[in-house]
Amino acid sequence: MEQEIKGFMSYLHNVKKTSRNTELSYQRDLMKMMHFLRKRKVENAKEVTETALNSYILDLEKNGMSAATVSRHIASMKGFYLYLWKEGSISFDPAENLKAPKVEKKLPEIMSVEEMERLLEQPGDRTSKGLRDTAMLELLYATGMRVTELISLKLDDVNWKLDYIVCRDRNKERIIPFGPKAKKALERYLKEARGRLVGDKICEMLFPNCSGGGMSRQGFWKLLKQYVKQAGIEMEITPHTLRHSCA
């Protein structure tokens, strides 16, 4: 069976043009399967049955492998035996009916209301940057918008009469309402801080960086990490955590 695995690796590399990491992953999985079958006196790919492969899957599960890892092994076997069947090396595909275990989706970590309040307090209102960051965090928490959407907002994207923002993602637009707390933070930021950040530069972005230009995702991530640390929040926070917390 080792020669068939080598042939499959060559097929992945030369025909499917897979990455080196993908090839190594397939190879590890299939060699592990081969050693399991050898211990059970199954040496030839033509001798492999669906029952033998199911026994191997049960063995993986018995040894504590996660559902995601078992599913990856099954995908490797399916790809391998389908290749052998199409090549005419075997008369039937023993992996055709293998079923991957259900992978339970983990619920995203969210911040508590108390943690969120502590985070929102961190920027403060003594500096232009603090007022800007407070407005950004309040708007992000109020709307659940993506960070990319937040830093891409322009001044004209805010509708003050109806209290909503227009988010643009390529050719799509989304209209998202915001509440009085976010509105108050936005109004104060625009009245007291934005002009000082922009200076004499022309900038249409709602939230410029401290140099008066557009803000990057890395820039926002850096300030978020700083405020999380200041707030004494120990869980790992990403910009997406705020999105989940809003939801």
Side-chain angles (χ1 to χ4, degrees), residues 105-125 127-231 233 235-247:
K105 292 185 178 180
K106 292 183 179 179
L107 291 173
E109 277 195 291
I110 62 171
M111 300 168 67
S112 66
V113 174
E114 188 268 335
E115 286 174 328
M116 196 67 221
E117 288 176 347
R118 287 207 325 260
L119 178 63
L120 293 172
E121 290 170 357
Q122 297 313 307
D125 58 2
T127 65
S128 299
K129 180 179 179 296
L131 289 169
R132 180 204 65 187
D133 295 350
T134 295
M136 292 181 78
L137 290 175
E138 287 283 3
L139 190 60
L140 198 64
Y141 184 49
T143 62
M145 63 196 306
R146 298 177 178 87
V147 171
T148 302
E149 294 172 328
L150 178 75
I151 63 176
S152 301
L153 286 174
K154 298 178 180 178
L155 288 167
D156 293 341
D157 291 332
V158 184
N159 186 308
W160 296 101
K161 290 184 179 179
L162 299 177
D163 296 346
Y164 68 76
I165 54 174
V166 180
C167 290
R168 293 179 175 83
D169 181 15
R170 295 182 182 176
N171 299 321
K172 295 181 181 179
E173 285 188 358
R174 292 193 301 143
I175 292 176
I176 311 176
F178 55 82
K181 195 171 181 183
K183 183 176 182 178
K184 184 178 178 181
L186 273 173
E187 287 176 333
R188 187 173 178 191
Y189 154 67
L190 289 173
K191 182 180 179 181
E192 302 178 24
R194 187 179 182 279
R196 293 201 293 267
L197 290 171
V198 175
D200 57 1
K201 294 182 179 180
I202 298 175
C203 180
E204 60 181 355
M205 308 311 296
L206 179 60
F207 297 113
N209 60 28
C210 293
S211 301
M215 182 177 289
S216 65
R217 281 180 59 87
Q218 291 80 8
F220 182 83
W221 171 232
K222 186 176 180 181
L223 68 86
L224 178 60
K225 284 182 71 175
Q226 173 195 333
Y227 294 137
V228 167
K229 185 176 181 180
Q230 288 177 197
I233 299 171
M235 69 179 287
E236 185 177 350
I237 304 293
T238 68
H240 220 61
T241 307
L242 301 187
R243 182 171 162 82
H244 289 307
S245 297
C246 167

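Starting from 1, each residue takes its place in the sequence as its number.
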With rounding to the nearest 0.5 angstrom, report the [atom1] to [atom2] distance, [X] to [Y].
| X | Y | atom1 | atom2 | answer |
| --- | --- | --- | --- | --- |
| Arg194 | Ser128 | CZ | OG | 12.0 Å |
| Leu137 | Leu223 | CG | CG | 7.0 Å |
| Met215 | Cys210 | CE | SG | 7.0 Å |
| Lys129 | Met136 | NZ | CE | 10.0 Å |
| Ile165 | Ile175 | CD1 | CD1 | 10.5 Å |
| Glu149 | Leu140 | CD | CG | 9.5 Å |

Derivation of the side chain to side chain contact (heavy atoms under 4.5 Å, CB included) call for Glu187 and Trp160
CA-CA 9 Å; Glu187 287 176 333; Trp160 296 101; 3.6 Å; yes
So, does [X] use its side chain to make a donor-acceptor pair with the main chain of [Y] at under 3.5 Å?
| X | Y | answer |
| --- | --- | --- |
| Arg118 | Glu114 | no |
| Asp133 | Gly130 | no |
| Asn209 | Gly214 | yes |
| Lys201 | Ser211 | yes |

Heavy atoms, side chains only, cut-off 4.5 Å: are [X] and [Y] in contact?
| X | Y | answer |
| --- | --- | --- |
| Arg217 | Phe220 | no |
| Arg188 | Thr134 | no |
| Val166 | Asp156 | no |
| Leu186 | Leu139 | yes |
| Phe207 | Leu150 | yes |
| Met116 | Leu120 | yes |

Mind running side chain to side chain contact (heavy atoms under 4.5 Å, CB included) on Val158 and Phe178 for me, showing each step along the way?
CA-CA 10 Å; Val158 184; Phe178 55 82; 4.1 Å; yes
Which atom pair, heavy atoms only, marks the closest approach of [X] to [Y]?
| X | Y | value |
| --- | --- | --- |
| Val198 | Cys203 | CG1-CB, 4.2 Å |
| Ser216 | Gly219 | OG-N, 2.9 Å |
| Tyr189 | Ala135 | CB-CB, 3.9 Å |

Audit row: Leu119, Ile233, side chain to side chain contact (heavy atoms under 4.5 Å, CB included) steps and yes/no:
CA-CA 8 Å; Leu119 178 63; Ile233 299 171; 4.2 Å; yes
Tell me whether the count of non-hydrogen atoms from other residues, nucleotides or ligands lying under 6.0 Å of CD in Glu204 goes above 12.
no
